[in-house]
A.B. asks: 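Structure incoming, see below.
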Amino acid sequence: RSLHVEATDTVPAMVALTLRHAVEAGVKERIEARIADSHSLPYEERTFKLVLALGLVPWLHSPAQGIREMARVLSDDGFLVASFDTRISLRNLIDPLYNPWLAGLRRLTRRILEESGVRIGTGQPQATLHDRVAFRRMLEAAGLDSVEIYGFGFGPLTVFGRHVLSEAAAK
């Protein structure tokens with residue numbers, strides 16, 4: 001297509017992978033990829049007509065700041081397409097480790113284990129979960145009008161943190 005794409009990531013390997021895919025797809029001349037932090041984007045105000053943030057917002061240490069930065073670089077007639085994770089999703093409902101209705105039981109189990117001297121925690125980063133109302137408020141606080149907010153996707157499916165489907169089947 002005739003679009004020019006600016007891609008950013010904080011992970012050098014992801015930037016390299018983006019560039020490799022651009023070469024393989026024959027579109028390298030229309031794609032620039034660089035290391036950047038979504039909390040402080042290296043672009044002028046109102047630079048882009050479209051900002052995509054798919055799978056990003058839940059992993060930001062300050063989702064509200066990231067949304068404000070995306071709004072800052074978005075043109076007045078531009079669009080932001082962003083995804084967010086929610087507690088009420090098929091993925092979280094089928095796995096007892098994430099099911100919101102089992103939160104009390106998980107807290108009790110954690111307390112009992114910790115009082116028994118068992119160390120709990122994976123050391124893995126955790127996604128920030130939002131509901132539609134909270135996400136809409138973040139958009140509005142950044143000066144954006146939300147056109148539509150939809151829920152979509154549900155993978156990867158896990159039970160007790162273990163993948164139920166192969167990566168290929170989950171797609």
A.B. asks: Linking I/L/V/M/F/W/Y whenever any side-chain heavy atoms sit under 4.5 Å apart, do L97 and I94 land together?
C.D. replies: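 Cluster IDs for L97 and I94 match.
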A.B. asks: Should side-chain heavy atoms under 4.5 Å link Ile, Leu, Val, Met, Phe, Trp and Tyr, which residues sit in the same cluster as L19?
C.D. replies: V15, I35
A.B. asks: Run the side chain to side chain contact (heavy atoms under 4.5 Å, CB included) check on M138 and F135 step by step: do they pass?
C.D. replies: CA-CA 5 Å; M138 273 196 300; F135 195 74; 3.7 Å; yes
A.B. asks: Assigning hydrophobic clusters by single linkage (Ile, Leu, Val, Met, Phe, Trp, Tyr; side-chain heavy-atom cutoff under 4.5 Å), is V11 placed with L56?
C.D. replies: no
A.B. asks: For R137, does the CZ atom have more than 12 heavy-atom neighbours from other residues, nucleotides or ligands under 6.0 Å away?
C.D. replies: no
A.B. asks: Okay, side chain of S40, backbone of D37: is any donor-acceptor separation there less than 3.5 Å?
C.D. replies: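 Here the side-chain-to-backbone pair does not exist.
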A.B. asks: Checking R34 side chain against E6 main chain: does a donor-acceptor pair fall under 3.5 Å?
C.D. replies: no
A.B. asks: Less than 3.5 Å apart, which donor and acceptor atoms pair up between the side chains of residues 69-77 and the rest of the protein, not counting sequence neighbours?
C.D. replies:
unit_1	atom_1	unit_2	atom_2	d
E69	OE1	L41	N	2.7
E69	OE1	R72	NE	3.3
E69	OE1	R72	NH2	3.0
E69	OE2	R72	NE	2.9
R72	NH1	Y43	O	2.9
R72	NH2	L41	O	2.9
R72	NH2	Y43	O	3.0
S75	OG	F48	O	3.2
S75	OG	D77	OD1	2.9
S75	OG	G78	N	3.3
D76	OD1	R46	NE	3.4
D77	OD1	K49	NZ	3.4
D77	OD2	K49	NZ	2.6

A.B. asks: Measuring only between side-chain heavy atoms, which start at C-beta, is L60 closer than 4.5 Å to Q65?
C.D. replies: no
A.B. asks: Can you list the other members of the hydrophobic cluster that holds L108, where links are side-chain heavy atoms under 4.5 angstrom apart?
C.D. replies: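 Besides L108, the hydrophobic cluster comprises I112, listed by chain and residue number.
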A.B. asks: Measure the acute angle between the ring planes of H130 and F84, then classify it against the limits of 30° and 60° as parallel, tilted or perpendicular.
C.D. replies: perpendicular
A.B. asks: I67 and L139: side chain to side chain contact (heavy atoms under 4.5 Å, CB included), yes or no, with the steps?
C.D. replies: CA-CA 7 Å; I67 296 285; L139 295 174; 4.0 Å; yes
